[in-house]
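Remarks on the structure that follows.
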Amino acid sequence: MNPVFLNPVVISIGLLICSNVFMTFAWYAHLKELHSSPWFIAALISWGIALFEYLLQVPANRIGYTALSVGQLKIMQEVITLTVFVPFAIFYLKEPFKTDYLWTGLCLLDAVYFMFRDKLFS
């Protein structure tokens with residue numbers, strides 16, 4: 001029997017969390033750190049950061065696809081994205097917490113239910 005950490009879904013989740021940290025920084029950190037720089041400098045730095053995101057995201061999706069459908073991978077990605085983005089926005093960008101984050105999360109839980117219900121109830 002395989003240990004849980006060798007499960008393709010668990011590996012995919014771990015890689016997607018890491019890739020999302022890089023992508024969140026690539027997409028949004030320049031708003032705080034490079035706000036006085038020309039946009040193309042921010043874009044070049046963001047592309048450099050995004051390279052690391054792709055080096056994690058591509059294997060994450062390939063590994064995850066061995067056990068999940070493309071739709072399930074996408075919904076999982078969206079949940080991870082929100083889970084990474086909200087703390088980033090609050091703690092790094094100093095954005096105020098909004099209840100909209102909570103409502104969005106609840107909507108994503110509905111999406112998770114509908115996308116994974118065949119795995120949950122089989």
Side-chain angles (χ1 to χ4, degrees):
M1 183 166 274
N2 288 339
V4 72
F5 61 86
L6 294 178
N7 181 304
V9 175
V10 173
I11 294 169
S12 184
I13 289 170
L15 288 170
L16 287 173
I17 289 169
C18 294
S19 77
N20 262 276
V21 170
F22 280 106
M23 201 56 176
T24 301
F25 271 92
W27 281 23
Y28 300 107
H30 65 88
L31 299 173
K32 178 179 179 181
E33 304 300 335
L34 299 170
H35 64 275
S36 59
S37 298
W39 72 265
F40 58 88
I41 298 296
L44 290 172
I45 291 170
S46 292
W47 284 344
I49 296 168
L51 171 65
F52 294 103
E53 186 269 343
Y54 278 97
L55 292 174
L56 296 167
Q57 177 266 346
V58 171
N61 282 330
R62 286 180 171 233
I63 292 166
Y65 190 61
T66 65
L68 301 170
S69 70
V70 174
Q72 289 169 331
L73 279 169
K74 181 59 180 169
I75 293 301
M76 188 170 74
Q77 168 68 25
E78 294 304 327
V79 170
I80 291 169
T81 298
L82 188 62
T83 303
V84 169
F85 174 77
V86 171
F88 177 86
I90 293 169
F91 297 114
Y92 185 79
L93 294 177
K94 307 294 186 210
E95 294 283 323
F97 177 79
K98 295 181 172 183
T99 55
D100 291 345
Y101 296 143
L102 176 64
W103 305 132
T104 303
L106 290 173
C107 289
L108 279 176
L109 284 178
D110 287 342
V112 167
Y113 167 77
F114 286 111
M115 193 56 70
F116 287 90
R117 67 183 165 183
D118 65 326
K119 289 197 181 289
L120 294 172
F121 300 111
S122 60

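Side chains are part of it too, since the values below use all heavy atoms of this structure and drop only hydrogens, waters and symmetry mates. Because the structure is a prediction, the values reported are computed rather than measured. In this chain, residues are counted from 1 in sequence order.
In this structure, the side chains of Arg62 and Tyr65 stay at 4.5 Å or more apart for every pair of heavy atoms. Side-chain atoms of His30 and Ile45, non-hydrogen and from C-beta on, never get closer than 4.5 Å to each other. Residues Met76 and Ile80 are in side-chain contact: their nearest non-hydrogen atoms beyond the backbone lie under 4.5 Å apart. Here the side chains of Glu53 and Ile49 are not in contact, with every heavy-atom distance at 4.5 Å or above. A 4.5 Å side-chain heavy-atom check between Thr81 and Leu16 finds every atom pair outside the cut-off. You'll find the side chain of Leu106 stays beyond 4.5 Å of the side chain of Asp110, heavy atoms only.
Cluster annotation: Phe25 is connected to Phe91 through the hydrophobic network of ILVMFWY side chains, with a link wherever side-chain heavy atoms come within less than 4.5 Å. Linking Ile, Leu, Val, Met, Phe, Trp and Tyr whenever their side-chain heavy atoms come within less than 4.5 Å leaves Leu102 and Leu82 in two separate clusters. A continuous path of hydrophobic side-chain contacts links Val79 to Val70 [ILVMFWY only; heavy atoms under 4.5 Å]. Linking Ile, Leu, Val, Met, Phe, Trp and Tyr residues whenever their side-chain heavy atoms come within less than 4.5 Å leaves Tyr101 and Trp103 in two separate clusters.
Expressed to the nearest 0.5 Å, how far CH2 of Trp47 lies from CG of Leu51 amounts to 12.5 Å. Note: Leu56 CG to Ser12 OG = 11.0 Å, rounded to the nearest 0.5 Å. For the atom pair CD1 of Ile63 and CD1 of Ile13, the computed distance is 12.0 Å after rounding to the nearest 0.5 Å. Here Ile75 contributes atom CD1 and Ser69 contributes atom OG; the two are 9.5 Å apart, rounded to the nearest 0.5 Å. A distance of 9.5 Å separates CG of Leu93 from OH of Tyr28, quoted to the nearest 0.5 Å. Here Trp27 contributes atom CH2 and Asn20 contributes atom CG; the two are 9.5 Å apart, rounded to the nearest 0.5 Å.
Residue Glu78 forms a side chain to side chain contact (heavy atoms under 4.5 Å, CB included) with just one option from Thr83, Leu108, Thr104, and that option is Leu108.
Shown here is Tyr92, whose OH atom has more than 12 heavy atoms of other residues, nucleotides or ligands within 6.0 Å. More than 12 heavy atoms of other residues, nucleotides or ligands lie within 6.0 Å of CZ in Phe97, so this atom counts as buried by the packing criterion.
Of all non-hydrogen atoms in Ala67 and Pro8, the two that sit nearest each other are CB-CG, 4.0 Å. Contact record, Leu6 with Ile11: O-CD1, 3.6 Å, taken as the closest heavy-atom pair. Residues Gln72 and Leu68 share a closest heavy-atom pair of OE1-CA, 3.4 Å. Here the closest heavy-atom approach between residue Ala26 and residue Ala50 is recorded as CB-N, 4.0 Å.
Judged by distance alone, the side chain of Thr24 and the main-chain N or O of Val21 form no donor-acceptor pair under 3.5 Å.
Ring-plane geometry between Phe88 and Phe85 is classed as tilted, the angle between the planes lying from 30 to 60 degrees on a 0 to 90 degree scale.
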